[in-house]
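Structure, as structure tokens:
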Amino acid sequence: MEFITTHPHWVEVDGNSFRVNVNWQGSKNRRSVADITYQYRINHKFINASEKNVLKNNAYSIFWNSKKEKNESNQKLKKRVESYIQKKNFKILKNPDSEESRLFIPLDNVLFSNSFGIQFLVTISKIMLIPFFCFLILFFWKDNHIKNSK
């Protein structure tokens with residue numbers, strides 16, 4: 001929704017011929033990621049496009065993940081993506097001025113963590129709350145210190 005609002009001239013196109021490739025990313029991230037190659041049609045012409053790291057399946061284990069756990073994570077993510085595609089739970093938007101396109105999958109997930117509005121509110125809240133709590137602590141410490149000295 002945020003993308004549509006900030007890119008009003010982009011148009012929705014129909015996609016088909018999806019190919020999902022799921023890989024394991026190691027190091028500190030430790031997650032399965034889905035890369036999707038798709039095709040859409042515009043003016044009777046098929047155009048191929050791909051999106052990297054469209055969906056992620058994080059592994060929250062504090063220990064090293066075994067090969068079996070990595071394969072299970074990859075399979076789980078691949079089934080989830082294929083289910084979204086089968087249910088047509090995606091949207092492809094294309095810039096009419098260029099070949100640029102974006103794939104949004106799934107449509108029923110709201111990622112507040114990636115939303116500019118939510119990030120803005122959280123930042124403003126932190127800026128306002130930290131001085132407030134410092135003032136509150138100072139006020140109670142001063143008040144408590146005065147009572148103890150009498």
Side-chain angles (χ1 to χ4, degrees), residues 1-140:
M1 195 63 138
E2 184 177 325
F3 187 84
I4 292 172
T5 305
T6 57
H7 299 80
H9 65 283
W10 285 50
V11 294
E12 186 174 347
V13 293
D14 291 325
N16 58 20
S17 185
F18 288 85
R19 193 174 72 235
V20 180
N21 185 21
V22 177
N23 296 307
W24 178 260
Q25 284 184 342
S27 73
K28 66 178 183 175
N29 292 330
R30 294 199 317 245
R31 62 185 173 197
S32 298
V33 294
D35 300 335
I36 302 177
T37 303
Y38 58 96
Q39 197 175 62
Y40 62 90
R41 194 173 93 183
I42 191 147
N43 297 334
H44 305 290
K45 179 181 171 187
F46 287 100
I47 299 172
N48 293 317
S50 63
E51 293 273 340
K52 296 211 177 281
N53 300 339
V54 176
L55 285 172
K56 299 169 181 88
N57 190 22
N58 291 321
Y60 297 108
S61 172
I62 59 172
F63 303 107
W64 293 105
N65 298 92
S66 69
K67 192 170 190 170
K68 179 183 175 190
E69 289 172 324
K70 292 175 187 178
N71 286 337
E72 287 174 357
S73 178
N74 287 350
Q75 290 303 317
K76 184 193 281 187
L77 181 59
K78 187 167 185 162
K79 285 181 185 177
R80 201 170 83 201
V81 172
E82 288 171 349
S83 171
Y84 292 146
I85 292 169
Q86 182 183 20
K87 294 176 182 176
K88 302 254 186 232
N89 190 359
F90 63 87
K91 190 174 276 203
I92 300 172
L93 296 176
K94 184 201 172 305
N95 185 347
D97 301 330
S98 69
E99 295 291 318
E100 186 181 13
S101 67
R102 290 281 310 264
L103 171 67
F104 295 93
I105 184 170
L107 297 177
D108 56 357
N109 271 1
V110 178
L111 299 176
F112 288 118
S113 61
N114 293 340
S115 169
F116 171 76
I118 295 299
Q119 289 298 324
F120 180 75
L121 290 175
V122 168
T123 303
I124 293 298
S125 298
K126 287 179 183 177
I127 291 171
M128 294 174 68
L129 288 177
I130 290 173
F132 175 74
F133 282 122
C134 290
F135 176 75
L136 201 60
I137 290 169
L138 182 65
F139 178 75
F140 281 116

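Quick note: residue numbers are just sequence positions, from 1. Just so it is clear, the structure is predicted and the values come from calculations on it, not from any experiment.
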Supply the atom-to-atom distance Phe104 CZ to Tyr84 OH, rounded to the nearest 0.5 angstrom. 15.5 Å
Kindly give the heavy-atom pair with the smallest separation between Ser101 and Ile92, and that separation in Å. CB-CG2, 4.5 Å
By side chain to side chain donor-acceptor pair (under 3.5 Å) - contacts of Tyr40 (at least two apart): none
For Phe135, all residues meeting side-chain contact (heavy atoms from CB on, under 4.5 Å), sequence neighbours excluded: none
Residue pairs passing the salt bridge (Lys or Arg N to Asp or Glu O under 4.0 Å) test where at least one lies in residues 87-96, sequence neighbours excluded: Glu12-Lys91
So which heavy atom on Leu77 is nearest to which on Ala34, and how close? CD2-N, 3.7 Å
Identify every side-chain donor-acceptor pair in residues 46-55 under 3.5 Å, counting partners at least two apart or on other chains, and give the distances.
| residue | atom | partner | partner atom | Å |
| --- | --- | --- | --- | --- |
| Asn48 | OD1 | Gln39 | NE2 | 3.0 |
| Glu51 | OE2 | Leu103 | N | 3.3 |

Does Thr37 reach the side chain of Asn21, with side-chain heavy atoms less than 4.5 Å apart? no
For the CZ atom of Arg80 and the NZ atom of Lys76, what is their distance to the nearest 0.5 Å? 8.5 Å
Any chance you could measure Ile124, atom CD1, to Ile127, atom CD1, to the nearest 0.5 Å? 4.5 Å
Heavy-atom side-chain proximity of Asp14 to Asn16 below 4.5 angstrom: no
Atom pair CD (Glu82) and CD1 (Ile36), whose distance is rounded to the nearest 0.5 Å: 9.5 Å
Please identify each residue that fulfils side-chain contact (heavy atoms from CB on, under 4.5 Å) with Ser98, with sequence neighbours left out. Asn95, Glu100
Interatomic distance, CG@Asp97 vs CH2@Trp10, rounded to 0.5 Å, equals 10.0 Å
CD (Glu69) and OG (Ser32) are apart, to the nearest 0.5 Å, by 11.0 Å
Name all residues meeting the ring pair (Phe, Tyr, Trp, His ring centres under 6.0 Å) criterion together with Phe90; count only those two or more places apart in sequence or in a different chain, and write none if there are none. Phe18
Indicate the atoms forming the closest heavy-atom contact of Ile85 with Ile105, along with that distance. CG1-CD1, 4.0 Å
